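Note: hydrogens, waters and symmetry copies are ignored here, and every other heavy atom, side chains too, is used. In the text below, chain A, chain B and the rest are named by the order of the sequence lines, each starting its count at 1. Just so it is clear, the structure is predicted and the values come from calculations on it, not from any experiment.
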Amino acid sequence: MPRPAKADLFLLLLALCTLLFLATLFDAAQRRDAAAPQLARLRATVATLALSDLSLFTEARYTRHLSQADRFAAFQDHPLALEHFPSGSLLPPPSLLSEAR
Amino acid sequence: MSSALRKQRYLLDYTLSSLARRPGKNLGLLLVYTLIVFMLASVMLFTHALRSEAVAILQESPEIIVQRLVAGRHDLIPAHYLRKMGHIRGVLERKGRLWGYFFDPAVKANYTLMVPDEAQPAADEIEIGATIAATRGVGLGDIISLRSADNRPFSFRVSGILDADSQLVSADLILLSEATFRDFFAIPEGLYTDLVLRVRNPRELRTIAEKLILLLPDTRPILRDEVLRTYDAIFSWRQGIVFVLMAGAVLAFVIFAWDKASGLSGEERKEIGVLKALGWETADVIRMKFWEGAVVSLLAFLLGYLLAYAHVFYTSAALFEPVLKGWAVLYPEFAPIPYIDLLQIATLFIFTVFPYTVATIIPIWRAAITDPDLVMR
């Protein structure tokens, strides 16, 4: 009987992919360890400057400081002000709307 | 090697040969399948990493921030509120914060101007975030000119550039002295943007917040827990939004995969008939088809996940940058730290690999239990 060459090749490929998958977990752990000093510096900056938000969305004041925004975040500027910033449109509705009454 | 294992190897070999007979169709399926897993895994990995990082960093943010509200909007808070709140048991430290926004018409970007508590720069100096330095093309010792609230020009010498590693929280920050800040924004002495409180015991936060509302009814205390919850909710919501946007593509793929997996072509029926006429048992035919589903879905899952990992953690999720950036001119350059939620990966595995494999088996079982003569006709 001939050797199942295709099956062997596929199993080899599968083993390689699985090995790479496990390698990502190992790599992630290593990168987390390597990033620990950077994380400590970030935390120190947050503590020294008493910061409350990430500077990820700098386009509008209520997206820059999401946790400090007014309570009626959907229409911040005036009544019926349509939300026009892409980041703002991706904000969740207030949690009280989704909580069970 | 045991005979059962050898048998599976030969079955797998036969399956691969059978798949190779229709290379275009099967490679196309593998490609689309991998792409779908790649997109879903990228969103999952990215949002989970960002959420974990945000929560880890913001653990150090102030325990309580007190904002004054006037007609429902955030307003400057008088310094005498610090005296008015009196001594609250459990509060270690209380102080006013000065910060505000400035729109720079030169680069059309919003900056956050802030007065640090310690080591304030000299009156005509500022320290700037690394993203501002890159966007404005300035370095240490260069001069930046900004126009104040009453249109007076202010020239500042850049005395420091904040650590590039801290861009995630300091991309748009400009640190300046208290006197300059008050002069620049025309904010008189005795007013702050908000107040921050340091509390000894986190379990007392709610009680302290309740006391604050009683003592200062026109204020809104924001607890650190609320800040953390906001970031947790935002990234979950964003992940949800992306999934909803992708739902159309995912459904199209489900229909395509279901049709491919569950509908047997005449050629495939004939193949099963021939196999059964040659003496294959029903169980063998089902095993062979199981391998077909497993080969495609396992490979698609592994390749999709590996590509997503490389995309998120080695290219800093380059494909998502435009979505996150929105209309912001200043966007921090940062590499997400790989926090991986194995439960999420397991869920993705179950929802991508299992349905396809099961979908391939059911129609085959129906065809395989019928008479070969009938199937071949």
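Note that the OG1 atom of B:Thr112 and the CZ atom of A:Arg64 stand 4.0 Å from one another [nearest 0.5 Å]. Once rounded to the nearest 0.5 Å, the distance linking CD of B:Glu53 with CG of A:Leu54 reads 8.0 Å. For the atom pair CG of A:Leu39 and OG of B:Ser52, the computed distance is 10.5 Å after rounding to the nearest 0.5 Å. Atoms CG and CG, from A:Leu25 and B:Leu342 in turn, are 5.5 Å apart once rounded to the nearest 0.5 Å.
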request  = Show your working on side chain to side chain contact (heavy atoms under 4.5 Å, CB included) between A:His65 and B:Tyr101 and close with a plain yes or no.
outcome  = CA-CA 11 Å; A:His65 288 95; B:Tyr101 300 112; 2.6 Å; yes
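Contact check for B:His74 versus A:Gln68: no side-chain heavy atoms found under the 4.5 Å cut-off. Side-chain atoms of B:Phe313 and A:Asp27, non-hydrogen and from C-beta on, never get closer than 4.5 Å to each other. Looking only at side-chain heavy atoms (C-beta outward), B:Leu302 and A:Leu20 stay at 4.5 Å or farther from each other. Within the 4.5 Å cutoff, the side chain of B:Arg9 has heavy atoms near those of the A:Asp8 side chain. At least one side-chain heavy atom of A:Leu11 sits less than 4.5 Å from a side-chain heavy atom of B:Leu12. Under the 4.5 Å side-chain criterion, counting only non-hydrogen atoms from C-beta, A:Leu42 is not in contact with B:Asp165. Inter-residue side-chain proximity for A:Thr45 and B:Asp163 is flagged as unmet; no heavy-atom pair is nearer than 4.5 Å. With contacts defined as side-chain heavy-atom distances shorter than 4.5 Å, the pair A:Phe21/B:Ile345 qualifies.
Heavy atoms of B:Leu228 lying under 4.5 Å from chain A are absent altogether. For chain A, the nearby parts of B:Leu330 are the backbone and the side chain; heavy atoms of each come within less than 4.5 Å. Both the backbone and the side chain of A:Thr58 come within contact range of chain B, judged by heavy atoms closer than 4.5 Å. Neither the backbone nor the side chain of A:Ala34 comes within less than 4.5 Å of any heavy atom in chain B. The parts of B:Ser17 that come within reach of chain A are both its backbone and its side chain, each placing non-hydrogen atoms under 4.5 angstrom from that chain. Heavy atoms of B:Tyr231 lying under 4.5 Å from chain A belong exclusively to its side chain. Heavy-atom distances place the side chain of B:Leu306, and not its backbone, under 4.5 Å from chain A. Interface remark: A:Arg41 contributes side-chain atoms only to the contact with chain B (heavy atom separation under 4.5 Å). With a 4.5 Å cut-off on non-hydrogen atoms, B:Ile222 touches chain A through its side chain but not through its backbone. Contacts of B:Leu11 with chain A are absent, with no heavy-atom separation under 4.5 Å from either backbone or side chain.
Contact count versus chain A (heavy atoms, under 4.5 Å) is highest, among B:Met114, B:Gln8, B:Arg229, for B:Met114. Most heavy-atom pairs under 4.5 Å with chain B, from the set A:Ser67, A:Ala7, A:Ser55: that is A:Ser55. For chain A, the option among B:Asp117, B:Val295, B:Asp194 with the highest count of heavy-atom pairs below 4.5 Å is B:Val295. Chain A forms more heavy-atom pairs under 4.5 Å with one residue of B:Glu226, B:Arg97, B:Arg198 than with any other, namely B:Arg97. By number of non-hydrogen pairs under 4.5 angstrom with chain A, the leading residue of B:Val196, B:Ile65, B:Leu298 is B:Ile65. Residue with the most contacts toward chain B among A:Leu49, A:Leu13, A:Leu51, A:Thr18: A:Leu51 (heavy-atom pairs, distance under 4.5 Å). Heavy-atom pairs under 4.5 Å with chain A peak, among B:Tyr305, B:Trp99, B:Phe103, B:Tyr339, at B:Tyr305. When the candidates B:Ala310, B:Gly129, B:Pro62 are compared by the number of heavy-atom contacts under 4.5 Å with chain A, B:Pro62 comes out ahead.
A:Ser52 approaches B:Ser61 most closely through the heavy-atom pair CA-CB, 4.1 Å.
Looking only at distances, no side-chain donor or acceptor of A:Arg32 sits under 3.5 Å from a matching main-chain atom of B:Ile337. Although no hydrogens or angles enter the test, the distance criterion places no donor-acceptor pair under 3.5 Å between the side chain of A:Arg43 and the main chain of B:Leu58.
Classification of A:Lys6 and B:Asp13 as a salt-bridged pair fails, no side-chain N sitting under 4.0 Å from a carboxylate O.
Heavy atoms of other residues, nucleotides or ligands lying less than 6.0 angstrom from CD of B:Glu93 number more than 12.
Judged by the 6.0 Å distance and 45° axis criteria, A:Arg31 is positioned over the aromatic ring of B:Tyr314.
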